[in-house]
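Worksheet: one structure, shown below.
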Amino acid sequence: MTTTYDPFHPAYLDKTDLREEMDRVFDLCHGCRLCFKFCTSFPTLFAAIDEHDDQDAAKITDAQAFQVVDECFNCKLCGEVNCPYTPGKHEWALDFPRLMLRADAMRHATGQVGLKSRATTAVMGRTDLMGKAATIAAPLA
């Protein structure tokens, strides 16, 4: 397992390594629960883990884990404002928002995202093109 949030690290996009890190972070978050009120990712995560009698974060399915990823909108309130386990503050070096970005990057790199998501990223990611289109459409608005 690699605790890395560096996109140039060789293990950054490795699915097995990512899942081990997600299990570690999810287990720590489940034990703490200080962040449950910040976004829907956390109630979804806690409900998925609570389904199991032993409350083992490693037993949640990939679909449940990636639902948590999809529900995170990366506001960073959980990590920068509330989390006592962030890098530099604690030895566990937990960074939930950056882990969600890593998981999303892995899905895009391995083609595990749907056509709608790929199209949205392809169009909305081209900011110059979007600016030109908005400039043309401004008089109509």
Side-chain angles (χ1 to χ4, degrees), residues 1-138 140-141:
M1 173 187 58
T2 309
T3 304
T4 185
Y5 302 112
D6 176 15
F8 300 108
H9 191 281
Y12 187 77
L13 298 176
D14 181 55
K15 183 176 181 171
T16 305
D17 189 72
L18 171 68
R19 184 54 201 244
E20 289 176 5
E21 176 64 5
M22 288 174 77
D23 292 342
R24 181 188 79 90
V25 169
F26 289 173
D27 188 48
L28 293 170
C29 288
H30 183 260
C32 176
R33 293 185 182 233
L34 283 175
C35 50
F36 75 95
K37 60 187 173 278
F38 289 119
C39 75
T40 57
S41 289
F42 296 104
T44 300
L45 172 63
F46 301 150
I49 294 172
D50 288 341
E51 287 177 2
H52 304 283
D53 291 335
D54 60 355
Q55 297 184 342
D56 183 8
K59 290 186 177 177
I60 66 173
T61 65
D62 282 345
Q64 290 171 318
F66 285 109
Q67 181 179 356
V68 172
V69 172
D70 289 338
E71 290 178 359
C72 174
F73 52 91
N74 233 293
C75 67
K76 296 180 181 66
L77 286 174
C78 60
E80 294 179 6
V81 176
N82 202 42
C83 185
Y85 307 122
T86 56
K89 292 183 186 177
H90 199 276
E91 64 187 84
W92 290 341
L94 187 150
D95 195 337
F96 192 88
R98 290 178 76 189
L99 179 63
M100 298 299 102
L101 287 174
R102 179 181 174 190
D104 203 36
M106 185 278 304
R107 287 195 309 179
H108 278 275
T110 58
Q112 296 178 16
V113 293
L115 179 62
K116 181 180 176 182
S117 181
R118 286 194 309 256
T120 301
T121 301
V123 172
M124 299 300 280
R126 299 179 65 195
T127 53
D128 290 341
L129 176 65
M130 294 305 298
K132 288 177 184 176
T135 302
I136 293 168
L140 298 174

Minimal heavy-atom distance between Met100 and Phe26, with the atoms involved, is CE-CE2, 3.9 Å
Could you state the interatomic distance from CG (Leu13) to CZ (Phe8), rounded to the nearest 0.5 Å? 10.5 Å
Kindly check if the number of other-residue, nucleotide or ligand heavy atoms within 6.0 Å of NZ (Lys37) is above 12? yes
Counting only heavy atoms not in Asp50, do more than 12 fall under 6.0 Å of its CG? yes
Decide, yes or no, whether a salt bridge links Arg24 with Asp27 under the criterion of side-chain N to carboxylate O below 4.0 Å. no
Looking at Gln64, is its backbone amide N or carbonyl O close enough to the side chain of Thr61 to form a donor-acceptor pair, meaning the two atoms are under 3.5 Å apart? yes
Using a cut-off of 6.0 Å, state whether more than 12 heavy atoms not belonging to Tyr5 lie near its atom OH. yes
Among Cys29, Ser41, Pro97, whose side chain to side chain contact (heavy atoms under 4.5 Å, CB included) with Cys78 holds? Pro97
Do Asp70 and Arg107 come within less than 4.5 Å of each other through their side chains, counting heavy atoms only? yes
Looking at Asp14 and Asp17, would you say the former's side chain and the latter's main chain have a donor-acceptor pair under 3.5 Å? yes
Arg19 and Asp23 ion-paired at < 4.0 Å: yes
Enclosure of Arg126 CZ (heavy-atom neighbours >12, cutoff 6.0 Å): no
